[in-house]
2 protein chains.
Amino acid sequence: MPEERHDPGAAALGGRLRRLSDRIDREAKTLYEAYDTPFEQRWLPTFNALRGGDALSVQDLADRLGVSHVSVSVTRTALEKAGLIQSAPDGKDGRRRVLTLTDQGKALSQQLAPLFDALNEAAIALNAEAGDAIATLARLEAALDRESLSQRVTAILQAGETEKDQD
Amino acid sequence: MPEERHDPGAAALGGRLRRLSDRIDREAKTLYEAYDTPFEQRWLPTFNALRGGDALSVQDLADRLGVSHVSVSVTRTALEKAGLIQSAPDGKDGRRRVLTLTDQGKALSQQLAPLFDALNEAAIALNAEAGDAIATLARLEAALDRESLSQRVTAILQAGETEKDQD
DNA sequence: GACATATCTGTAACCGATTACATAAATAGC
DNA sequence: GCTATTTATGTAATCGGTTACAGATATGTC
């Protein structure tokens, strides 16, 4: 493990999270390559959500996946280009388009189902070995929801000012 | 919390790690802005390592920080351009350059020291509130070191094939 | 009906990492 | 000394997110 003890912790934590994320994404990518499918890691959450059969909009997916609509929009473009999904205007709301899997997408969904199941199992095992990483991340997110990093640091800095004034 | 239950877990985990990382980076960035210094989040690990006073090379820093030499190289360029560090040829090895803080860098280091300390304290608090996120991340990294995601998924897929053959 | 505000989607630019590759220098082996 | 291999650094492209902004459409208020 590299030496990070003296790093301002928030940066070290952020970097560590990113590198772990990158690592998982890279390793997942090698699996799609082994399956001989030009599947991209960023497609997975959107593709998987549409596998359920519902027609969903970009914003629906963004809400459901917890990412920005931009992230979903870019993914939609790529999935459509790959022929895996199609989009059609929403009958009721001219702003919206609804996305569904194409026949090709459904075929790929079936082909990759074992891989997706295995990814899930592997994640469950990893989560357990790490000591419930998912719960820990949820608590970290909740802690930041309660009081953002900026607020915490500002409070600490102000406490330091107050201590100085009182000395 | 967005609905991720049905997502192939490894992608969900990777995405979650990334979004948390992005969030921490963004929030840290607002703090530098509040300090009225054009400091960039990606500079921090390298800048902080050089604050110790040692002259270090790109590769030294990469090893120490656990990132690729490219990441450090790009950061070195930016820090040098900002006038915060300087680089000089290593007397003994023509391939290497050694990096040190400039006077301006030292001055900024002193100016931002309270902010860096506060970031550290905030990280310690967040880590505790999350239930030792750092230890959990370390176990997750160690689990992946022992057996990569690819290996785990491949093993699961092969077990599934074996079960099918035996049925 | 007109206007202001909100929502949906798409594009551009950015962020902090990576891999691939190229060039220069050092090292090892003969 | 020569050659092959390794190491150090830098550049380009890529990845998977983000914010900012623009245009189109829907909604709410008067």
Side-chain angles (χ1 to χ4, degrees), chain A residues 2 11-30 32-33 39-47 56-63 65-81 87-99, chain B residues 2 11-30 32-33 39-47 56-63 65-81 87-99:
Chain A
L13 187 54
R16 203 158 181 174
L17 289 164
R18 178 183 295 279
R19 289 194 293 282
L20 247 184
S21 170
D22 284 346
R23 179 176 182 177
I24 290 173
D25 284 353
R26 285 195 300 278
E27 294 190 9
K29 185 184 170 86
T30 70
Y32 309 131
E33 284 165 358
F39 202 83
E40 290 180 29
Q41 177 63 357
R42 82 174 293 166
W43 294 355
L44 192 44
T46 293
F47 187 76
L56 299 166
S57 73
V58 164
Q59 191 59 53
D60 288 339
L61 287 156
D63 291 340
L65 302 175
V67 296
S68 68
H69 84 272
V70 184
S71 180
V72 178
S73 178
V74 168
T75 298
R76 180 204 67 79
T77 302
L79 280 167
E80 205 156 6
K81 195 165 180 173
S87 62
D90 180 291
K92 298 188 186 111
D93 189 329
R95 295 171 296 183
R96 288 160 58 94
R97 303 183 65 79
V98 291
L99 316 177
Chain B
L13 187 56
R16 205 160 181 170
L17 289 164
R18 178 181 296 282
R19 288 193 296 279
L20 247 185
S21 170
D22 284 348
R23 181 177 181 176
I24 289 172
D25 285 353
R26 282 197 303 277
E27 294 190 10
K29 185 184 170 84
T30 70
Y32 309 131
E33 284 164 357
F39 201 84
E40 289 180 29
Q41 178 65 355
R42 80 174 297 165
W43 294 356
L44 192 45
T46 295
F47 187 76
L56 299 166
S57 71
V58 163
Q59 191 59 53
D60 286 340
L61 287 157
D63 291 340
L65 301 175
V67 297
S68 68
H69 83 273
V70 183
S71 179
V72 179
S73 178
V74 169
T75 298
R76 180 204 67 80
T77 302
L79 280 168
E80 203 156 8
K81 195 167 182 175
S87 62
D90 181 290
K92 299 185 185 111
D93 189 329
R95 295 170 295 182
R96 288 159 59 93
R97 304 182 65 79
V98 292
L99 316 177

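Letters A, B, ... mirror the listed sequences (proteins, then strands); counts begin at 1.
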Check: Toward the 5' end of DNA chain D, which comes first, B:Gln59 or A:Arg18, by nearest nucleotide?
Finding: B:Gln59
Notebook entry, point to check: What pairs with B:Gln41 under side chain to side chain donor-acceptor pair (under 3.5 Å), at least two apart in sequence or on another chain?
Noted result: B:Asp25, B:Tyr32
Next item on the list: Please work out if A:Asp90 contacts a base, only the sugar-phosphate, or nothing of the nucleic acid, heavy-atom cut-off 4.0 Å.
Entry: nothing
Next item on the list: Classify the nucleic acid contact of B:Arg23 as base, sugar-phosphate or nothing, counting any heavy atom under 4.0 Å across all strands shown.
Entry: nothing
Write out a two-atom table: protein N or O, nucleotide N or O from nucleotides 19-25 of chain C, distance below 3.5 Å.
unit_1	atom_1	unit_2	atom_2	d
C:dA25	O3'	B:Gly94	N	3.4

Notebook entry, point to check: Between atom CD in B:Gln41 and atom P in C:dC14, what is the gap in whole Å?
Noted result: 18 Å
Notebook entry, point to check: Would a 4.5 Å heavy-atom cut-off, applied to side chains only, mark A:Leu17 and B:Leu17 as touching?
Noted result: yes
Item checked: Interatomic spacing from CG in A:Leu56 to CG in A:Leu61 - rounded to 0.5 Å -> 5.0 Å
Next item on the list: Rounded to the nearest 0.5 Å, what's the gap from CD on B:Gln59 to OG on B:Ser68? Could you check?
Entry: 9.0 Å
Next item on the list: Whole angstrom is fine here: how far is it from CG in A:Leu56 over to C1' in C:dT9?
Entry: 15 Å
Check: To the nearest angstrom, how far is A:Leu99 atom CG from C:dC8 atom P?
Finding: 14 Å
Next item on the list: Round to the nearest Å and state the distance from A:Arg16 atom CZ to C:dA17 atom C1'.
Entry: 16 Å
Note to self: Restricting to salt bridge (Lys or Arg N to Asp or Glu O under 4.0 Å), what partner residues turn up for A:Glu80, sequence neighbours left out?
What the structure shows: A:Arg76
Checklist line | Outermost nucleotides of DNA chain D that come under 4.0 Å of a non-hydrogen atom of chain A | finding: D:dG16 to D:dA26
Note to self: Considering every strand and a 4.0 Å limit on heavy-atom distances, what is the contact class for B:Arg42: base, sugar-phosphate, or nothing?
What the structure shows: base
Next item on the list: With sequence neighbours excluded, tell me which residues meet side chain to side chain donor-acceptor pair (under 3.5 Å) with A:Asp60.
Entry: A:Ser57, A:Arg96
Next item on the list: Let me know the distance between CD1 of A:Ile24 and P of C:dA17, rounded to the nearest Å.
Entry: 16 Å
Check: Side chain of A:Thr75, backbone of A:Ser71: donor and acceptor closer than 3.5 Å?
Finding: yes
Item checked: Side-chain donor/acceptor of B:Arg19 to backbone N/O of A:Gly66, under 3.5 Å -> yes
Notebook entry, point to check: Just how far, in rounded Å, is C1' of C:dG16 from CG of B:Leu17?
Noted result: 15 Å
Next item on the list: Specify the residue among B:Lys29 and A:Arg76 whose closest nucleotide of DNA chain C lies further upstream toward the 5′ end.
Entry: A:Arg76
Next item on the list: For A:Thr75, report the nucleic acid contact type (base, sugar-phosphate, nothing); a contact means any heavy atom under 4.0 Å.
Entry: nothing
Check: Who passes side chain to side chain donor-acceptor pair (under 3.5 Å) against A:Arg26, sequence neighbours left out?
Finding: none
Next item on the list: Find the distance A:Leu79:CG to C:dG10:P and express it as a whole number of Å.
Entry: 13 Å
